[in-house]
Structure formats: C-alpha cells, structure tokens
Amino acid sequence: MRRIIKSVWLWIQIIVERTDSWVLDNLRSRATLIAALIGTVLLIWGIATHNPDLGIEAVLAGAMGYVVGFVPAVLGGLIITSIHFFREGMPISNFPVILIQIMGYTYIAWLGRQHKHLAVERRTQLADSIHDAKVVPWSFVNEVRNSLLAMRLLLFVKKNETAEHAQLELIEDELLRLE
C-alpha cells in the first residue's frame, strides 16, 4: 500500500513539475503580450473610472523602465501611487485596487526594460552581421579595382620611351599607395 501511495505521489509531483514548466514557459514567451494587455487594461480602466492618472502612470512606468531602468521605474510608480493615495484620501478598502495597480506598473516597467535590451541586442546583431570580418568593404574593393584598371591602362598604352618611363613611375606610385 505504501509503495502505491509513494508511486502515486511521485506521479503527481512529476505532473505538477511538467505543468509548472509548461505554464512558466508559456508566460515567459508571452510576457510582452501580457504586459501590453495589462497596460491596455490600465488605460481603459482609467478612462472608465474617469481617472486619467492611471493611463499616464502606466505610460510613465514603461518609459522610465526603458530610459532609466526597472528599479527607478518601480520606485517612481510607488511614489506616484502613494502620493495619489494620500492626496485623494482613499479608504483602505481600495487597497486591493492599489495593489493591482502597482503590480501592473511593475510589469509595464519590466516591459520597458525588456524592450531596451531587445533594442540593444538587435543593434549589436545588426552591427555584427554588417561588419563581418571576412567581408571586405565595397569602398576598398572599388579602390583596388580602379587602381588595377589604371595600372593596366598605363602598362598597355605605349606611345614613346619617355611616356613609358613616366607610366612606370605612375604604376610604382600606385602600387606603393595600395600597400
């Protein structure tokens, strides 16, 4: 009997671990969408309750998360929310609403921070793909091509002996410049 209970318990733990892993992976992969939805809900909620501060605070939290960082954005959201709470003299019954509001601002600040890091990653990937060490820049290729063309024209155009000596000097100068 104990063996059966132990195997059932292990089976339940495995199912819970797999379910947790699946849910957390889905949340991580859709975190940007969730944060955008939270921001939209805060904006609509602010409009519906005739409180435009909610939308403004959400936008400020995301912008501060992008520009300054996550922690300053969260602290700014907490300060703005506490000022709003004490200024309006809200009753303690609104505490769950304020808690949800703070959680939303925190998630939006995280979204701003994520967008900043994604932008930096994209810029570095783009710079790495453009400036590949194995690829020669077009300006250098064109310079070498033009120099080789000029040397070929100077070598194979013969008019007289003095012109040929001057052409050889031009070719030597061009080769020295290319080195």
message = To the nearest 0.5 Å, what is the distance between OG1 on Thr19 and CG on Leu24?
response = 10.5 Å
Hphob cluster co-occupancy, Trp11 + Val16, side-chain heavy atoms under 4.5 angstrom = yes
query = For Leu10, does the CG atom sit with more than 12 other heavy atoms under 6.0 Å from it, leaving out its own atoms?
reply = yes
request  = Could you pull out all residues at least two apart from Tyr66 that satisfy ring-ring contact (aromatic ring centres under 6.0 Å, His included)?
outcome  = none
query = Measuring from Leu111:CG to Arg113:CZ, what's the distance to the nearest 0.5 Å?
reply = 11.5 Å
ask   = Given the rule that I, L, V, M, F, W and Y join up when any side-chain heavy atoms are under 4.5 Å apart, are Val74 and Val68 in one cluster?
value = no
Distance in Å, Ile102 CD1 paired with Ser82 OG, rounded so as to fall on 0.5 Å steps = 8.0 Å
remark   = Hits for side-chain hydrogen bond (donor to acceptor under 3.5 Å, both in side chains) against Asp20, two or more places apart or cross-chain, chain-then-number order -> none
request  = List the atom of Gly65, the atom of Ala73, and the distance in Å for their closest heavy-atom pair.
outcome  = N-CB, 3.5 Å
request  = Find out if a path of hydrophobic residues (ILVMFWY) with successive side-chain heavy-atom gaps under 4.5 Å connects Leu75 to Phe70.
outcome  = yes
ask   = Would a hydrophobic clustering, with Ile, Leu, Val, Met, Phe, Trp and Tyr connected at side-chain separations under 4.5 Å, put Leu78 with Ile108?
value = yes
remark   = All heavy atoms of Pro72 vs all of Met64, minimum pair found to be O-CE, 3.4 Å
key: Hydrophobic cluster identity match, Ile15 and Ile12, side-chain contacts under 4.5 Å   = yes
ask   = Within the side chain of Ser29, is there an N or O that forms a donor-acceptor pair under 3.5 Å with the backbone of Asp25?
value = yes
